[in-house]
Amino acid sequence: MSESPRSGAAEYRCGWVALAGPPNAGKSTLLNALLGQKVTIVTPKPQTTRNQIVGIFTDAEAQIIFMDTPGMAQLRGRLSKSMTQAVWQSLNQADVVLLVLDAHLYIRHPEFLERDLAPLGAAIAGDERPIIIAPNKVDLFADKSRMLPLLTRAHELWPRAEIFPISAQSGDGLGELRALIESRLPVGPAQFPEDQISTASLRFMAAEIIREKLFLSLHQEVPYGVAVDVESWQEDPERGLTVIHAVIYVARPMYKAMVIGKGGSGIKKIGSEARREIRELVGGKVHLELWVKVRENWTEDPAFLRELEQSSGGGGE
Ligand SMILES: Nc1nc2c(ncn2[C@@H]2O[C@H](COP(=O)(O)OP(=O)(O)OP(=O)(O)O)[C@@H](O)[C@H]2O)c(=O)[nH]1
Ligand SMILES: [Mg+2]
């Protein structure tokens, strides 16, 4: 259209977009890249995101309210169940479904294609809403025809879907993808103030940053037995200082030593990496105290999982 961006107030668009897909596909990386700001944590490990995390993009034409979601995988246990619920809730709430898939994975492992796409196929089969499929990580291979099995299967499962290959990491295709998403949103006014970037509290974001550093430094199953809760947050405007006390909960006594590391070196490193990033988040000096507590089998404790969920600011209205 030839209208200037601000002239078409009646055409302003606003809607909710669920970013869904298998673990490790790059959903969170994509959200941060689309917003140009970090609202959700990213690690090379699957099952990094545990909650619905809302990230809001606003420009002169539209407001896109993205919901980052945990990766969809068939795993057992209550934590996985609560993660799956976050996906369903986001899918139910969405005006547009944006499926993110790791295009490089299915080139290396074609056998995973059915495992990953079948549950997604069931989740949004017969859906009338716009569906956009973003095969991601195209920076990792030069010959784009290698995506053909993925594109063919995706087309079979969702014949109406628009397929748009991208690289969330290099930024390839993201401007066009954002324009496509905007064009598929319902017409309506913005639902959030234009400077609001997320619904998550600073407390939750700080806890997530700490969890990200834990995920990056821990190995094997240990990160999956770790949760972070910010217990106190005090601002001292005179000294420009924020004092944060956070607890790292571990599901097994043996994990505690692994988090703390030799002579406290592990926890020290996590603390200083997290502090640096939280400092940017709050825009001032930060004093961060970390404690490690054993809370056996917290991943199976519904009350504790609910507490963590509530602190995320996610979970819908
Ligand atoms: N090369 C490459 N790597 C990417 C791209 N997008 C994401 N990654 C990497 O893929 C890994 C997983 O990224 P995340 O954004 O955490 O993936 P996710 O889908 O949110 O994962 P879960 O939260 O576990 O479901 C990280 O190591 C990212 O750096 C991409 O476009 N290219
Ligand atoms: Mg994620």
Side-chain angles (χ1 to χ4, degrees), residues 17-55 66-75 77 79-91 97-109 112 115-117 119-120 123 132-142 144 146-147 150 164-178 198 200 204-205 207-209 211-219 221 223-224 226-228 277 299 308 312 314:
V17 178
L19 278 147
N24 213 41
K27 301 175 292 296
S28 302
T29 307
L30 176 61
L31 176 55
N32 292 337
L34 287 168
L35 296 180
Q37 199 171 322
K38 179 168 170 176
V39 296
T40 180
I41 63 170
V42 168
T43 83
K45 298 188 169 71
Q47 271 100 47
T48 295
T49 306
R50 288 182 181 160
N51 310 84
Q52 179 198 83
I53 293 162
V54 172
F66 290 104
M67 294 169 278
D68 189 14
T69 68
M72 273 179 114
Q74 278 147 342
L75 298 167
L79 173 61
S80 303
K81 217 166 148 189
S82 98
M83 286 161 64
T84 305
Q85 266 165 9
V87 181
W88 282 107
Q89 194 162 29
S90 305
L91 284 173
V97 177
L98 175 55
L99 285 187
V100 184
L101 302 166
D102 180 344
H104 189 232
L105 175 68
Y106 308 116
I107 292 172
R108 287 172 299 147
H109 295 286
F112 291 160
R115 176 201 69 179
D116 286 357
L117 266 61
L120 288 165
I132 301 170
I133 299 175
N136 186 30
K137 310 196 188 182
V138 300
D139 56 291
L140 292 176
F141 52 96
K144 300 301 178 249
R146 298 175 77 196
M147 279 191 288
L150 167 61
F164 204 91
I166 54 157
S167 167
Q169 190 153 292
S170 75
D172 203 8
L174 299 196
E176 295 89 336
L177 174 65
R178 194 165 55 211
S198 181
F204 175 75
M205 284 186 170
E208 285 287 271
I209 290 168
R211 199 165 62 80
E212 181 186 75
K213 305 312 170 204
L214 283 159
F215 261 58
L216 292 173
S217 71
L218 297 169
H219 303 290
E221 84 285 4
Y224 302 106
V226 163
V228 179
E277 216 172 297
T299 58
L308 290 174
S312 73

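Sequence positions, counted from 1, serve as the residue numbers for this chain. Remember, it's 1-based here, ligands and their atoms both numbered in the order they're listed.
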Q. Taking C-beta and beyond as the side chain, do Ile132 and Val17 meet within less than 4.5 Å on heavy atoms?
A. no
Q | Residue-atom pairs from the protein, N, O or S only, that lie under 2.8 Å from the Mg ion (ligand 2) | A | Ser28 OG, Thr49 OG1
(Q) Just to be sure I understand the cut-off, which residues have at least one non-hydrogen atom under 4.0 angstrom from an atom of ligand 1? (A) Pro23, Asn24, Ala25, Gly26, Lys27, Ser28, Thr29, Val42, Thr43, Pro44, Lys45, Pro46, Gln47, Thr48, Thr49, Gly71, Asn136, Lys137, Asp139, Leu140, Ser167, Ala168, Gln169
Q) What residue among Lys38, Lys45, Arg50 forms salt bridge (charged side-chain N to carboxylate O under 4.0 Å, His left out) with Glu212? A) Lys38
(Q) Within a 6.0 Å radius of atom NZ on Lys81, are there more than 12 heavy atoms belonging to other residues, nucleotides or ligands? (A) no
Q.
Can you give me the closest heavy-atom contact between Ala33 and Ala168, atom names plus distance?
A. CB-O, 3.6 Å
Q) Does Val39 offer a backbone N or O that forms a donor-acceptor pair with the side chain of Asn32 under 3.5 Å? A) yes
Q: Please identify each residue that fulfils ring-ring contact (aromatic ring centres under 6.0 Å, His included) with Phe164, with sequence neighbours left out.
A: none
Ignoring hydrogens and angles, write down the donor-acceptor pairs under 3.5 Å from the side chains of residues 19-26, residues two or more places apart or on other chains.
none

Q: Determine whether more than 12 heavy atoms belonging to other residues, nucleotides or ligands lie under 6.0 Å from atom CD of Gln74.
A: no
Q | Qualifying residue for side-chain contact (heavy atoms from CB on, under 4.5 Å) with Phe66, from Ile53, Leu31, Leu30 | A | Leu31
